[in-house]
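For reference, the structure is listed below as structure tokens.
Heavy-atom basis, side chains included; hydrogens, waters and symmetry copies ignored.
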Amino acid sequence: MNPETPERDEKQPTRERAEYRFTIDAFTPRTLPMVRLAQYLAKLADILGDRNGVHLVGIEEGSTALVHEIEPAAVRKVRTRLQAVGRGEAPRDAQEAYRSLDGYLREDRARAVLEEQDGGHEVLEFPGADDAEDPYPLVREPGRISGIVIRVGGTGDRIPILIESDGEPIAGCSASRDVAKLLAHHLFEPVRLMGKGSWLRDNEGRWNVQRFNIDALEPIESTKVSEALRELRAVAGDWTEDDYRDLERIRQGPEQNGGD
């Protein structure tokens with residue numbers, strides 16, 4: 001051992017704060033009931049363990065993300081406890097809190113993940129709805145969604161993205177930093193997003209996205225078909241009135257044309 005380099009005392013607490021994000025995929029802050037939020041926070045506090053050294057410092061949009069900051073003196077204790085929960089070797093109160101919280105998520109048809117924000121390291125996964133017996137099981141497959149980019153923000157390797165479609169927010173969207181930079185250039189603009197998603201069918205047979213990892217995007221032109229027709233009429237060529245009527249029938253669709 002080099003006598004000039006003192007041995008590190010592992011028993012000494014770290015002097016750096018730590019930040020954890022608990023992200024629930026099925027809610028936004030506007031749709032998560034306050035009573036359920038209180039239940040989530042209570043069980044999460046039991047899992048983290050140090051009641052005086054853990055503080056809620058924010059609730060982020062997109063998917064609901066509950067951001068917690070750990071005081072320096074409590075960081076090592078919290079990390080050790082979370083590792084034990086992940087192995088199933090934590091004290092009884094922590095394991096029971098984990099099962100209870102996962103049960104809440106299952107009732108809400110949601111799932112969640114607890115991440116330490118230093119590098120986006122995933123600490124605990126809460127499968128929730130994935131463990132539920134459901135006549136319409138969750139489907140994971142590539143897909144596309146369209147909407148307006150409302151917010152691009154967050155930290156870590158995956159950036160939360162808030163998309164609005166038909167006036168409703170789509171929770172659970174995220175992208176790499178590179179894709180997030182591209183999306184930031186289309187803030188408040190319509191886009192088509194390509195990626196891999198988790199889809200859940202509701203009782204009315206509609207498929208709703210629960211989580212969506214965005215791999216690519218393309219802007220959607222907002223020019224209306226009627227405006228496009230006017231532009232076509234302004235282009236010189238051999239277009240006839242029959243051609244314009246054919247385009248109008250295509251625009252209206254079969255239901256407006258007697259179902260032909």
Side-chain angles (χ1 to χ4, degrees), residues 17-34 36-38 40-41 44 55-69 105 108-123 125-126 128-129 138 140 142-200 202 206-223:
R17 291 174 179 265
E19 187 175 279
Y20 288 85
R21 176 179 277 102
F22 179 72
T23 304
I24 310 168
D25 68 357
F27 293 106
T28 70
R30 293 182 181 275
T31 62
L32 178 60
M34 184 178 291
R36 184 59 104 189
L37 172 62
Y40 282 142
L41 287 172
L44 193 57
H55 308 278
L56 178 69
V57 296
I59 301 178
E60 295 185 352
E61 294 186 5
S63 299
T64 298
L66 310 179
V67 184
H68 296 77
E69 189 175 78
L105 292 164
D108 294 336
R109 303 182 75 174
R111 48 205 67 71
V113 63
L114 181 66
E115 297 174 301
E116 185 171 357
Q117 286 309 106
D118 182 10
H121 175 62
E122 182 176 306
V123 179
E125 184 177 2
F126 298 79
L138 193 73
R140 295 183 177 88
R144 297 185 179 192
I145 59 176
S146 298
I148 297 175
V149 182
I150 300 299
R151 180 182 176 186
V152 178
T155 59
D157 295 333
R158 301 292 302 181
I159 306 301
I161 309 294
L162 180 59
I163 301 294
E164 183 181 274
S165 180
D166 295 328
E168 295 293 333
I170 300 178
C173 295
S174 65
S176 67
R177 288 175 175 263
D178 290 338
V179 174
K181 288 179 182 179
L182 296 176
L183 282 166
H185 291 295
H186 297 282
L187 196 63
F188 306 123
E189 296 178 358
V191 293
R192 182 175 293 107
L193 307 174
M194 287 73 75
K196 298 179 178 65
S198 300
W199 312 84
L200 194 64
D202 62 22
R206 296 172 299 194
W207 288 95
N208 301 304
V209 63
Q210 303 297 302
R211 180 176 294 181
F212 196 80
N213 295 325
I214 304 167
D215 296 328
L217 68 133
E218 58 184 27
I220 297 176
E221 294 295 336
S222 58
T223 302

Do any side-chain atoms of residues 212-220 form donor-acceptor pairs under 3.5 angstrom with protein atoms, and if so which ones, sequence neighbours left out?
unit_1 : atom_1 : unit_2 : atom_2 : d
N213   : OD1    : S174   : OG     : 3.2
E218   : OE2    : R192   : NH1    : 2.6

Taking all atoms of both residues into account, what is the closest heavy-atom pair of A175 and A180, and its distance? CB-N, 4.1 Å
Indicate yes or no: does E60 engage R21 in a salt bridge with an N to O separation below 4.0 Å. yes
Tell me the closest heavy-atom pair linking V149 and V191, and the distance in Å. CG2-CG2, 3.6 Å
Please examine the side chains of F22 and L56, heavy atoms only from C-beta on, and report whether any two atoms are closer than 4.5 Å. no
Taking all heavy atoms of A65 and all of T23, pick out the closest pair and write down the distance. CB-OG1, 3.8 Å
Shortest non-hydrogen contact from G153 to I159? O-CG2, 3.6 Å
According to ring pair (Phe, Tyr, Trp, His ring centres under 6.0 Å), who are the partners of Y20, at least two apart in sequence or on a separate chain? none
For E168, side-chain hydrogen bond (donor to acceptor under 3.5 Å, both in side chains) partners two or more places apart: none
So how far is it from Y40 OH to F27 CZ, rounded to the nearest 0.5 Å? 5.0 Å
Using every non-hydrogen atom in the two residues, find where L105 and A112 come nearest and quote the distance to one decimal. CD1-CB, 3.7 Å
Answer whether the closest heavy-atom distance between the side chains of L32 and D108 falls below 4.5 Å. no
Residue set satisfying side-chain hydrogen bond (donor to acceptor under 3.5 Å, both in side chains) with H185, at least two apart, ordered chain then number -> none
Which donor-acceptor pairs under 3.5 Å do side chains of residues 160-167 form with protein atoms, sequence neighbours excluded?
unit_1 : atom_1 : unit_2 : atom_2 : d
S165   : OG     : S146   : O      : 3.3

Got a sec, which residues hit side-chain hydrogen bond (donor to acceptor under 3.5 Å, both in side chains) with T31, two or more places apart in sequence or on another chain? T28
Would you say that R211 contacts R111 through its side chain, given a criterion of any heavy-atom pair below 4.5 Å between the two side chains? yes
Once rounded to the nearest 0.5 Å, what's the spacing between atom OG of S198 and atom CG of D25? 7.5 Å
To the nearest 0.5 Å, what is the distance between CG on L183 and CG on D178? 11.5 Å
